[in-house]
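Please read the structure below before turning to the comments.
These numbers come from the heavy atoms of this one structure, side chains and all, not from hydrogens, waters or symmetry mates.
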Amino acid sequence: SYIKQEHLMRIDANIYYVKDITLQILKVLNSQSQQQQQQQTQHIQSLHKIMDIEYKSGIWSMLELTDLRIAIGDYDGKLSLFTTDFVNKQWTLNIEHKAHDDSISSLCELQERNILISGSYDNTIKLWKLLPSTTNSSLTHIATLKGHNSFVNQVIPLSTTIIASGSFDKSIRLWDINTYKQTHSFT
């Protein structure tokens with residue numbers, strides 16, 4: 001079978017929306033993201049055992065960045081960047097920043113643009129410019145994306161200009177990070 005032209009809508013250079021089929025795929029992706037969150041939690045717990053790290057607040061999200069730093073989003077809305085030395089089992093705090101008003105539930109990186117993206121239980125998504133770990137301030141706030149009516153559970157990059165967010169409000173939203181505006185919403 002094939003997809004009829006009237007069911008196809010171009011969102012970005014490499015991203016297309018197909019009526020009905022896309023919603024089914026997004027539902028599958030949402031269930032996969034729950035499995036990924038469980039795997040990520042297990043990975044975080046294993047890193048705790050390996051690194052023997054003491055962290056002041058509950059860790060809700062964690063991401064290894066391209067430059068091998070670790071980004072941690074916590075229960076209190078703090079975003080922390082660590083340089084890691086797995087051989088000597090040491091973490092060095094580069095920066096700790098009150099990033100959100102509630103827990104940081106998801107982190108992702110746009111590697112090509114050195115941007116870290118955080119999703120939070122404060123219903124927002126924030127974009128951060130990642131600066132080299134050698135600078136004093138290795139994290140600079142770029143923009144806050146608002147549109148969800150409930151917790152942002154997941155943020156993922158779809159391309160170098162489009163990110164997707166999933167929320168407890170039962171919507172998936174696409175955002176253009178050049179304009180900082182929502183381009184599509186699927187419910």
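Sorted by first and then second residue, the ring-ring contact (aromatic ring centres under 6.0 Å, His included) pairs with a member in residues 153-178 read Phe151-Phe168; sequence neighbours excluded. Listed by first then second residue, pairs satisfying salt bridge (charged side-chain N to carboxylate O under 4.0 Å, His left out) with a partner in residues 160-170 read Asp169-Arg173, not counting sequence neighbours. Screening residues 116-129 for salt bridge (charged side-chain N to carboxylate O under 4.0 Å, His left out), with sequence neighbours left out, gives no hits.
The side-chain heavy atoms of Val155 and Ser165, taken from C-beta on, include a pair separated by under 4.5 Å. Counting only heavy atoms from C-beta outward, the side chains of Trp128 and Ser118 approach each other to under 4.5 Å. A 4.5 Å side-chain heavy-atom check between Asp67 and Asn114 finds every atom pair outside the cut-off. Between Leu110 and Ile163, the closest side-chain pair of non-hydrogen atoms falls below 4.5 Å. The shortest distance between side-chain heavy atoms of Leu130 and Arg69 falls below 4.5 Å.
Among residues two or more places apart in sequence or in another chain, the side-chain hydrogen bond (donor to acceptor under 3.5 Å, both in side chains) test is passed with Glu112 by none. Not counting sequence neighbours, Ser185 has no partner by the side-chain hydrogen bond (donor to acceptor under 3.5 Å, both in side chains) test. For Asn178, the side-chain hydrogen bond (donor to acceptor under 3.5 Å, both in side chains) partners are Arg113, not counting sequence neighbours. Residues passing the side-chain hydrogen bond (donor to acceptor under 3.5 Å, both in side chains) test with His97, sequence neighbours excluded: none.
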